[in-house]
Amino acid sequence: MVVSRQKCLKAQAWARMEKSHENKAHVKGMILSKVKGGFAVAVDSVMCFLPGSQVDLRPLKNFDHLMRKEQSFEVVKMDKKRGNIVLSRRAIMEKIRDKGRNELISKLKEGDVVQGIVKNLTDWGVFVNLNGLDALLHITDISWSRINKPSELLSIGQSIKVKITKIETEKKKISVSMKHLTED
């Protein structure tokens, strides 16, 4: 009878990973190296795959600050036959972000007048940052007079007062208006 300590440790680690996958629990691991399409991550004594798209909320150009540091991951997919485990760091970050958004949205009500900062200008409207939440200010809600582009009246980084006209909680969308400030 041949006994392998390595195989025993690997089997125990697989069992823990399966349990984490079923419970959607976080696992701690370390990004060891870059591989084709993503990264190799060591969790316990098991090598896992972290796709490049699942590293962060937005695409990163430099990953050096993440290498060889313990991080939390969520087990997304497991294939015991092939010995594959796919992880996601992004899933954890999205949950944290959404929790904060839900708290901010719950504090706002339709009709509230709030201060915001112009984040981005498009031909059809403006995105306004309301303490970490993005709200849409449509071109027709900027002014009572006709304007061709939002950049005629607003610029990126400008602080503006807006009135919340619509909150869609399930879609996490907020619509605001500048021209309805003078209505009251």
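Residue numbers start at 1 and run along the sequence shown.
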Rounded to the nearest 0.5 Å, how far does [atom2] of [Y] lie from [atom1] of [X]?
{"X": "His26", "Y": "Gln71", "atom1": "NE2", "atom2": "CD", "answer": "13.0 Å"}
{"X": "Glu94", "Y": "Glu74", "atom1": "CD", "atom2": "CD", "answer": "9.5 Å"}
{"X": "Met47", "Y": "Lys10", "atom1": "CE", "atom2": "NZ", "answer": "9.5 Å"}
{"X": "Ile96", "Y": "Leu57", "atom1": "CD1", "atom2": "CG", "answer": "9.0 Å"}

Would the number of heavy atoms belonging to other residues, nucleotides or ligands and lying under 6.0 Å from NZ of Lys77 be above 12?
no

Within the supplied structure, the quantity of interest is the number of heavy atoms (other residues, nucleotides, ligands) at a distance under 6.0 Å from Asp56 CG; does it exceed 12?
yes

For the backbone of [Y] and the side chain of [X], can you confirm whether one donor and one acceptor N or O come within less than 3.5 Å of each other?
{"X": "Glu110", "Y": "Ile167", "answer": "yes"}
{"X": "Arg89", "Y": "Val55", "answer": "yes"}
{"X": "Asn23", "Y": "Lys19", "answer": "yes"}

Same hydrophobic cluster for [X] and [Y], using side-chain heavy-atom links shorter than 4.5 Å among ILVMFWY?
{"X": "Val75", "Y": "Met93", "value": "no"}
{"X": "Ile92", "Y": "Met67", "value": "no"}
{"X": "Phe63", "Y": "Val41", "value": "yes"}
{"X": "Val86", "Y": "Val27", "value": "no"}
{"X": "Leu50", "Y": "Val43", "value": "yes"}

Using ring-ring contact (aromatic ring centres under 6.0 Å, His included) as the criterion, list what pairs up with Phe127, not counting sequence neighbours.
Trp124

For residues 28-35, which side-chain donor-acceptor pairs fall under 3.5 Å, sequence neighbours excluded?
| residue | atom | partner | partner atom | Å |
| --- | --- | --- | --- | --- |
| Lys28 | NZ | Ser72 | OG | 3.2 |

How close do [X] and [Y] get, counting heavy atoms only, and between which atoms?
{"X": "Ile160", "Y": "Leu154", "result": "CG2-CD2, 3.8 Å"}
{"X": "Ile142", "Y": "Leu137", "result": "CG1-CG, 3.8 Å"}
{"X": "Lys107", "Y": "Asp112", "result": "O-OD2, 4.3 Å"}
{"X": "Leu153", "Y": "Gln158", "result": "O-OE1, 3.8 Å"}
{"X": "Val114", "Y": "Leu108", "result": "CG1-CD2, 4.2 Å"}
{"X": "Val46", "Y": "Ala13", "result": "CG2-CB, 3.3 Å"}

Any side-chain heavy atom of [X] within less than 4.5 Å of one from [Y]?
{"X": "Ile139", "Y": "Ile147", "value": "yes"}
{"X": "Met78", "Y": "Trp14", "value": "yes"}
{"X": "Val113", "Y": "Val162", "value": "no"}
{"X": "Cys48", "Y": "Met17", "value": "yes"}

Please evaluate residues Leu66 and Leu60 with respect to the criterion side-chain contact (heavy atoms from CB on, under 4.5 Å), reporting the C-alpha separation (whole Å), side-chain torsions for both, the decisive distance (0.1 Å), and the verdict.
CA-CA 11 Å; Leu66 300 173; Leu60 297 175; 4.0 Å; yes

